[in-house]
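Counting starts at 1 for both ligands and their atoms, in listed order.
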Amino acid sequence: MENINWKDLSFGYIKTDYNVRTYYKDGKWSEPEVTDSEYLNIHIAATALHYGQEAFEGMKAYRGKDNKIRLFRWKENARRLINSARGVIMAEVPEELFRDEIFKAVKLNEKYVPPYGSGASLYIRPLLFGSGAEVGVSPAKEYTFMVFVTPVGPYFKGGVKPVSMMICRDVDRAAPKGTGIFKVGGNYAASLRAIVKARDENYANVIFLDAKEKKYIDECGPANFFAIKGNTYITPKSETILRSITNKSLVEIAENMGMKVERRPVHLDELPGFDEVGACGTAAVISPIGKIFDPGTNQVFEYCKDGNPGKVQMKLYNKLTAIQVGDEPDIFNWITVLD
Ligand code: PLP
Ligand code: COI
């Protein structure tokens, strides 16, 4: 292991020592297999390659002050992967197999879990895909489930620093009744044109709108959108967005702090009335949004005018991250400490 500068880590891939794999064949999953190879040997007609039959997850392991490693709400990720598997007709990964494989992958790469206080964490990437051969469009008969881990820093540069986002009006990442609620690769492929264009114009990412009417906010690239108005936490209800586990957790924290929560369609016209806006997700944690540009109307919406993140989202951020690293009691029962 070369020397890793934990404090300067960005959200990228760094090789770790091992990853874990299992294979589904004849209706059964194999025992997890450990390998040090970063490569997969894959059939040229695998459905994942041709027809995008795949889904993934994203979660993090954190090191606490006590040096113990903590996982955040892994069961939610296991359940979401089952849901995604159903969404593109793949073999489901049972919760116990998911747990065995992620625990194994983290433990075998324990030395890559960044130290407490570094702001970095170990990103866990479970991946499920059709590895059986088909040429016609139909689900594979064989599947591979694998987990790799990699130490990461903040997804958006600068950590909890307000970012600029561009509203996207010419690309849809998902269609109503499509696959937006599943964590499948195709949604991310569909989002790339928009993300690359936004980055070229110096925006951190895009805000997707509802595909049908282009009136409501869907989500922010790889993260959910939320807004704060007075004592209310507002977040979009939409059939095309991923159900973020971070967002769900922030909802619970907000309610616990005495805030009101509204999960409902969020109209673009509401943007000027919000006190704070932000993006949230495993990778993004909470990324305050300082500016939103709408190329359709040439409007600019500004928040955090003093350059600092909004106070309410900082309170939510501090609470969430304190629970994740074990600085605060796990009152919601979200944490699994690895032995
Ligand atoms: N939305 C999209 C499209 C994502 O890829 C993610 C990341 O997983 C999220 C939202 C945030 O979800 P979570 O908080 O479960 O990581
Ligand atoms: C995550 O937040 O875990 C994600 O999956 C975002 C990712 C696509 C980079």
Side chain, backbone, both or neither: Lys183 near ligand 1, heavy atoms under 4.0 Å
side chain
Ligand 1 contact on Ser244 by region, counting heavy-atom pairs under 4.0 Å:
both
Which of the numbered atoms in ligand 1 are below 4.0 angstrom from a heavy atom of Asn224?
1 (N), 10 (C)
Find all atoms of ligand 1 within a distance of less than 4.0 Å from any non-hydrogen atom belonging to Ala223, and give their numbers and elements.
1 (N), 2 (C), 9 (C), 10 (C)
Regarding [atom]: of the candidates [options], which has the closest heavy atom?
| atom | options | answer |
| --- | --- | --- |
| atom 9 (C) of ligand 2 | Phe56, Tyr155, Tyr188 | Tyr155 |
| atom 1 (N) of ligand 1 | Glu219, Arg80, Arg243 | Glu219 |
| atom 3 (C) of ligand 1 | Ala283, Ala284, Gly221, Ala279 | Gly221 |

One thing to verify: whether Lys111 and Asp17 come together as a salt bridge, which I'm taking to mean a side-chain N less than 4.0 angstrom from a carboxylate O.
yes
Between the side chains of Asp170 and Arg193, is the shortest nitrogen-to-carboxylate-oxygen separation below 4.0 Å, so that they form an ion pair?
no
Please confirm whether Arg173 comes under 4.0 Å of ligand 1, counting heavy atoms of the residue only.
yes
I'd like to check whether Asn247 has a polar contact with ligand 1, where a contact means an N/O of the residue lying under 3.5 Å from an N/O of the ligand.
no
Any nitrogen or oxygen of Gly58, side chain or backbone, less than 3.5 Å from one on ligand 1?
no
[X] neighbourhood, listing ligand 2 atoms whose heavy-atom distance to it stays under 4.0 Å:
| X | result |
| --- | --- |
| Gly58 | 3 (O) |
| Tyr123 | 1 (C), 3 (O), 4 (C), 5 (O) |
| Thr282 | 1 (C), 2 (O), 3 (O) |

What is the closest protein heavy atom to [atom], and at what distance does it sit?
| atom | answer |
| --- | --- |
| atom 16 (O) of ligand 1 | Thr282 OG1, 2.5 Å |
| atom 7 (C) of ligand 2 | Arg125 NH2, 3.9 Å |
| atom 6 (C) of ligand 2 | Pro222 CB, 3.7 Å |
| atom 2 (O) of ligand 2 | Ala283 N, 2.8 Å |
| atom 5 (O) of ligand 1 | Tyr188 OH, 2.4 Å |
| atom 9 (C) of ligand 1 | Pro222 O, 3.4 Å |

Measure the acute angle between the ring planes of Phe226 and Tyr233, then classify it against the limits of 30° and 60° as parallel, tilted or perpendicular.
parallel
Ring geometry between Tyr13 and Phe148 (parallel below 30°, tilted from 30 to 60°, perpendicular above 60°):
perpendicular
How about [X] and [Y]: do any of their side-chain heavy atoms sit closer than 4.5 Å?
| X | Y | result |
| --- | --- | --- |
| Arg73 | Ser249 | yes |
| Val160 | Met314 | yes |
| Leu338 | Val106 | yes |
| Arg243 | Ile181 | yes |
| Phe98 | Pro126 | yes |

Do Phe11 and Tyr123 have ring centres separated by under 6.0 Å?
yes
Among Asp66, Asn67, Asp327, the one residue meeting side-chain hydrogen bond (donor to acceptor under 3.5 Å, both in side chains) with Tyr116:
Asp327
One should read off an interatomic distance between Ile167 CD1 and Phe301 CZ, to the nearest 0.5 angstrom, of 6.0 Å
Polar-atom distance check: Gly281 versus ligand 2, any N or O pair below 3.5 Å?
no
Check the surroundings of atom CD in Glu38: do more than 12 heavy atoms from other residues, nucleotides or ligands lie under 6.0 Å from it?
yes
Do any heavy atoms of Lys183 fall under 4.0 Å from ligand 2?
yes
